[in-house]
There are 2 protein chains.
Amino acid sequence: MKKSNLYKGSLTTIILKLLNENDKMYGYEITQKVKELTKGELKITEGALYPSLHKLESEGYLDVEVLKVDNRMRKYYKLTETGTKETANKLNELEQYIATMRTLVNPKFRMG
Amino acid sequence: MKKSNLYKGSLTTIILKLLNENDKMYGYEITQKVKELTKGELKITEGALYPSLHKLESEGYLDVEVLKVDNRMRKYYKLTETGTKETANKLNELEQYIATMRTLVNPKFRMG
DNA sequence: TTCTTATACATAATTTATTTATGTATAAGA
DNA sequence: TCTTATACATAAATAAATTATGTATAAGAA
């Protein structure tokens, strides 16, 4: 999704968190929201997004509802109960990742 | 290297930064240093480390010096000039990544 | 003395998340 | 009419890791 490959592995966290904040969203909406929030810094690609949504659904983290709006299909996703728990896990993992990287990279943030 | 797959893409940043701080290090030393600094949180595997070191060397970011210490081989790596520049780039990318993720995940840290 | 653990390198096979490249289809605007 | 935006989808290729091996020396425990 970007020149930096640090984003690899972050997509599910992003999707889950957005759905946690917005109750229900459809795929295209997610791409636009991410672009908007990051002021174009991060653009998630459809080739990554849709398979990821399908996976999250198959794992039971998301429920789907298909609607037709203005004659165009929209697949709305929302968190299940386990999906909400998984969101918390993923956010913890992100904070842990950031803390760990800071200890390695920034002497001011030493662990312990 | 860990249960969380957020670390994918961070290994080169970690290696470069450690070499930037410690002038010269050998592979095994890097694995131990990371384990120590993160109090066991992050263990980099040899299957990831050695190919990564070879790649950084082939890209001209690292110079190698092979020494024999206590009858055991050690390959000491150190940053080249372009390697030092690349370290700065990677660290900037990491800070940018963290800032971007915070805007997506933490409303307090909105961008702009 | 033998077995295990630590040190120190290496690589091949597999897995997984992504990018890149397509594809379909409708609506809006130039 | 042509392009851009909306909205989905998937297949092939790429890249970075994990997992599983392999070699070899040294130290320490049983």
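Every chain is numbered from 1, with letters handed out A, B, ... down the list of sequences.
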*Asks:* Stepwise, does the salt bridge (charged side-chain N to carboxylate O under 4.0 Å, His left out) test hold for K75(B) with E29(B)?
*Replies:* CA-CA 10 Å; K75(B) 290 180 78 172; E29(B) 189 184 7; over 6 Å; no
*Asks:* Within the structure, does a side-chain N or O atom of R72(A) lie under 4.0 Å from either OP1 or OP2 of dT6(D)?
*Replies:* no
*Asks:* Side chain of K75(B), heavy atoms from C-beta onward: which of dA10(C), dT6(D), dA26(D) has the nearest atom to it?
*Replies:* dA10(C)
*Asks:* Which base, if any, makes a Watson-Crick or G-U wobble pair with dT1(C), both distances under 3.5 Å?
*Replies:* dA30(D)
*Asks:* Considering non-hydrogen atoms only, spot the tightest contact between T38(A) and L42(A) and give its length.
*Replies:* OG1-N, 3.1 Å
*Asks:* Could you tell me the separation between the OH atom of Y7(B) and the P atom of dA16(D), rounded to a whole number of Å?
*Replies:* 19 Å
*Asks:* Looking only at side-chain N and O atoms, does K55(A) come under 4.0 Å of OP1 or OP2 in dT16(C)?
*Replies:* no
*Asks:* Which is more 5' along DNA chain D, the nucleotide nearest G47(A) or the one nearest R74(A)? Just name the residue.
*Replies:* R74(A)
*Asks:* Rounded to the nearest Å, what distance is computed from the OH atom of residue Y76(A) to the C1' atom of nucleotide dA7(D)?
*Replies:* 11 Å
*Asks:* Rounded to whole angstrom units, what separation is found between the NZ atom of K8(A) and the P atom of dT15(C)?
*Replies:* 18 Å
*Asks:* Regarding E46(B), tell me which of base, sugar-phosphate or nothing describes its non-hydrogen contacts under 4.0 Å with the strands shown.
*Replies:* base
*Asks:* Counting only side-chain nitrogens and oxygens, does N5(A) get under 4.0 Å of the OP1 or OP2 atom of dA16(D)?
*Replies:* yes
*Asks:* Measure the distance from CG on L56(B) to C1' on dA16(D) and round it to the nearest whole Å.
*Replies:* 13 Å
*Asks:* Please lay out, stage by stage, how Q96(A) and T100(A) fare under the test side chain to side chain donor-acceptor pair (under 3.5 Å).
*Replies:* CA-CA 6 Å; Q96(A) 181 63 68; T100(A) 300; 3.2 Å; yes
*Asks:* Using 0.5 Å steps for rounding, measure from the NZ atom of K33(B) to the CG atom of L104(A).
*Replies:* 10.5 Å
*Asks:* Given dC9(C), is OP1 or OP2 found less than 4.0 Å from the side-chain N or O atoms of Y50(B)?
*Replies:* yes
*Asks:* Does dT11(C) have its OP1 or OP2 closer than 4.0 Å to a side-chain nitrogen or oxygen of H54(B)?
*Replies:* yes
*Asks:* Tell me whether the OP1 or OP2 atom of dA7(D) has a side-chain N or O from Y26(A) closer than 4.0 Å.
*Replies:* yes
*Asks:* What integer distance in Å separates D70(A):CG from dG29(C):P?
*Replies:* 12 Å
*Asks:* Within this structure, what is the CG-to-P distance between L53(A) and dA7(D), rounded to whole angstrom?
*Replies:* 14 Å
*Asks:* For K33(A) and dT6(D), what is the distance between atoms NZ and C1' respectively, to the nearest whole Å?
*Replies:* 17 Å
